[in-house]
Protein chains: 2
Amino acid sequence: MHRKTDLLTIGQLAERSGLAPSALRFYESLDLISSSRTAGGRRRYQRSTLRRIAVVQAAQRVGLTLAEVGAAFADLSSDAAPTRREWERLSSRWQAALDARIEALEKVRDELANCIGCGCLSLRRCSLYNSGDRAARRGVGPRWLLGDDPAVPVAPDGDRR
Amino acid sequence: MHRKTDLLTIGQLAERSGLAPSALRFYESLDLISSSRTAGGRRRYQRSTLRRIAVVQAAQRVGLTLAEVGAAFADLSSDAAPTRREWERLSSRWQAALDARIEALEKVRDELANCIGCGCLSLRRCSLYNSGDRAARRGVGPRWLLGDDPAVPVAPDGDRR
DNA sequence: GCTTTACTTCAAGCGCACTTGACATGTTCT
DNA sequence: AGAACATGTCAAGTGCGCTTGAAGTAAAGC
């Protein structure tokens, strides 16, 4: 056997994580993961990086951007995988976000359900319609400020520039 | 009184829909909405366009892309707002999508809950880790973001904006 | 030694949903 | 009539999460 070390090449990490090598390099450029290098400059990853990637993917499923994940990771002591305590902290925070998101979607679902039989064409009565009509958005700003959240009127001011 | 017609200018439609004029032009370029023009070339919208926009927004909250909304609209008879029957068809279809999405999120939530106390660091055992089931990964991106309103602090306070 | 194969960097591109800017023209108010 | 403002078009830019391509280098296999 030639298992020189426990370190993984980028190809191996790619295969085992399901991500493309380019994605892993990208993550590394965002400091979401880290690597050592061989004498020749090739990346070598610790096995714990797999776990780290799993955490990133969990966060993405929760709906976080990679930047947000990076911010969360910045608090972490280790540069590999979070300790149990850290992971508890992260995951419970993320769970709250997830709950909020689910709740928001459920609200949309209910509005939609309501709407199906509601004679929606009489505008005034329809909750979906009304929440849309008032959906004042922040005039400018990056996409990530745009919420899913239909019902919480964000800023009741019209458009401005 | 100067209510010449029932038609809305783009500014009025923008204000009432909460979308920027540029977004309305963009939607029009995608054939999601339509307008007539004045002699001088300015857009005039029917009031039903508001309803149409509400439908678009509902679809977006469900998680559809504008292209998908456009495809759904292509089946519609009217170019203004859908008839009741059409709306029933659309919305019930969308509701199924929404249900699926909620279910997926609930699964993540449960995994996360499971994970919080699970000694997650022993990889093999962790459902989150193992469900690297990256199946539903169609170029998703940040479309399914959190709400605007960070009632739930997702990222540690280094909040930018 | 020599050929593959896997990797390196850097820059640019993509898809989505828009926004921004430049510049021209219509519409309204006085 | 003239100022003020709303709107028109078109091209390019933005943010996110990557991918793709070009050009070069390292490591593995024979």
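Since the model is a prediction, treat every value here as computed from it, not as a measurement. Within every chain, numbering begins at 1; the chains are lettered A, B, ... in the order of the sequence lines, protein sequences first and strands thereafter.
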Item to check | Between C1' of C:dC7 and CG of A:L24, the distance in whole Å | outcome: 13 Å
Checklist entry - Given atom CG of B:L8 and atom P of C:dT27, what is their separation to the nearest angstrom? => result 16 Å
Item to check | Donor-acceptor contact below 3.5 Å, side chain B:T49 vs main chain B:Y45 | outcome: no
Item to check | Aromatic ring pairing B:W94/B:F73, orientation class (parallel under 30°, perpendicular over 60°, tilted between) | outcome: tilted
Checklist entry - Relative to the 5' end of DNA chain D, which residue comes earlier, A:F26 or A:A39, by the nucleotide with the nearest heavy atom? => result A:F26
Next on the checklist: On DNA chain D, compare the nucleotides closest to A:Y27 and A:T38; which residue's is nearer the 5' end?
Outcome noted: A:Y27
Item to check | 5' precedence on DNA chain C between B:L30 and A:Y45 (nearest-nucleotide basis) | outcome: A:Y45
Checklist entry - D:dC18, C:dC18, C:dC16: which one has an atom nearest the side-chain heavy atoms of B:T65? => result C:dC16
Item to check | Backbone N/O of B:T65 and side chain of B:E68: donor-acceptor pair under 3.5 Å | outcome: yes
Next on the checklist: Per the salt bridge (Lys or Arg N to Asp or Glu O under 4.0 Å) rule, what does the pair list look like for residues 27-36 of chain B, sequence neighbours excluded?
Outcome noted: B:E28-B:R43
Item to check | Set of side chain to side chain contact (heavy atoms under 4.5 Å, CB included) partners for A:R109, sequence neighbours left out | outcome: A:E106, B:Q95, B:L98, B:D99, B:I102
Checklist entry - Who are the side chain to side chain contact (heavy atoms under 4.5 Å, CB included) partners of B:R42, not counting sequence neighbours? => result B:T38, B:R44
Next on the checklist: If the cut-off is 4.0 Å, is B:T9 near the phosphate of D:dA6, judged by side-chain N/O to OP1 or OP2?
Outcome noted: no
Checklist entry - Just how far, in rounded Å, is P of C:dA17 from CG of B:L19? => result 13 Å
Item to check | Separation of atom CD in B:Q60 from atom P in C:dC16, rounded to whole Å | outcome: 13 Å
Checklist entry - Can you check the A:E28 CD to D:dG17 C1' distance for me, whole Å? => result 16 Å
Checklist entry - Residues in side chain to side chain contact (heavy atoms under 4.5 Å, CB included) with A:S29, at least two apart? => result A:F26
Checklist entry - Taking atom C1' of D:dC18 as reference, at what distance in whole Å does atom CD of A:Q57 sit? => result 13 Å
Next on the checklist: Please report the distance, rounded to the nearest Å, between CD1 in A:I10 and P in D:dT19.
Outcome noted: 11 Å
What's touching nucleotides 20-25 of chain D from the protein side, N or O pairs under 3.5 Å?
{"unit_1": "D:dT25", "atom_1": "O2", "unit_2": "A:R42", "atom_2": "NH2", "d": "3.1"}

Checklist entry - To the nearest angstrom, how far is B:Q12 atom CD from D:dC5 atom P? => result 17 Å
